[in-house]
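Everything below concerns the one structure shown next.
Values below: every heavy atom of this structure, side chains too, minus hydrogens, waters and symmetry copies. In this chain, residues are counted from 1 in sequence order.
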Amino acid sequence: MLLFVVLAMLLVSYASSMRAWLDQRAHIDSLEQQIAADRASVERLTNEKRRWNDPAYVKAQARERFGYVLPGTVGYRVIGEDGEPLGGTGELSEPTPAVEEQVPPWWDQAWGSVEAAGAGSEESEEESPARFIGPTGQTR
């Protein structure tokens, strides 16, 4: 009996320290994921910075963002009645969603088939089965 009590005490003490270890391990895992995400962000920003050191990329960005043209070329802008430029802004817009045919969910289709089966053909009362048969065999 004493051995059982000692083993139970050891089990309780190890369980609490095991819980603490598992909590710390989960915290370490979440920090490692955050570090990986931060490293990916740093790498993306480093690549972008490297692109800005390329003169061709800078020229392309100046043409797209500010409408700059190279010497010897003629740039045209269409101006609206309000004096603002019309047309290409150099930015992509979200595509308009295609109009999708409204298909009812499968459960509505299934219930519609149940209703259609129940509506079936209109039978006369003489041909329809009896709704209730009484104890004497008479139908109502």
Could you give the distance from [atom1] ([X]) to [atom2] ([Y]), rounded to the nearest 0.5 Å?
X: L11; Y: M18; atom1: CG; atom2: CE; answer: 10.5 Å
X: T73; Y: Y68; atom1: OG1; atom2: OH; answer: 13.5 Å
X: D23; Y: I28; atom1: CG; atom2: CD1; answer: 11.0 Å

Could you tell me whether W106 atom CH2 has more than 12 heavy atoms of other residues or ligands within 6.0 Å of it?
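No - once you tally the heavy atoms of other residues, nucleotides and ligands closer than 6.0 Å, there are 12 at most.
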Take atom CD of Q109 as the centre, draw a 6.0 Å sphere, and report whether it contains more than 12 heavy atoms from other residues, nucleotides or ligands.
yes
Check this for me: does any side-chain nitrogen of one of R25 and D29 sit under 4.0 Å from a carboxylate oxygen of the other?
yes
When you look at Q61 and W52, which way does the side chain to side chain contact (heavy atoms under 4.5 Å, CB included) test go after all the steps?
CA-CA 9 Å; Q61 291 299 313; W52 280 103; 3.6 Å; yes
Non-hydrogen side-chain atoms of T46 and V42 separated by less than 4.5 Å:
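Yes, close enough: below the 4.5 Å cut-off.
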Any donor-acceptor pair under 3.5 Å linking the side-chain atoms of R44 with those of N47?
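No.
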With R51 as the cation and Y57 as the aromatic partner, state whether NZ or CZ is under 6.0 Å from the six-membered ring centre and within 45° of the axis.
yes
Show your reasoning for whether side chain to side chain contact (heavy atoms under 4.5 Å, CB included) applies to L22 and R19.
CA-CA 5 Å; L22 290 174; R19 171 183 266 166; 5.8 Å; no
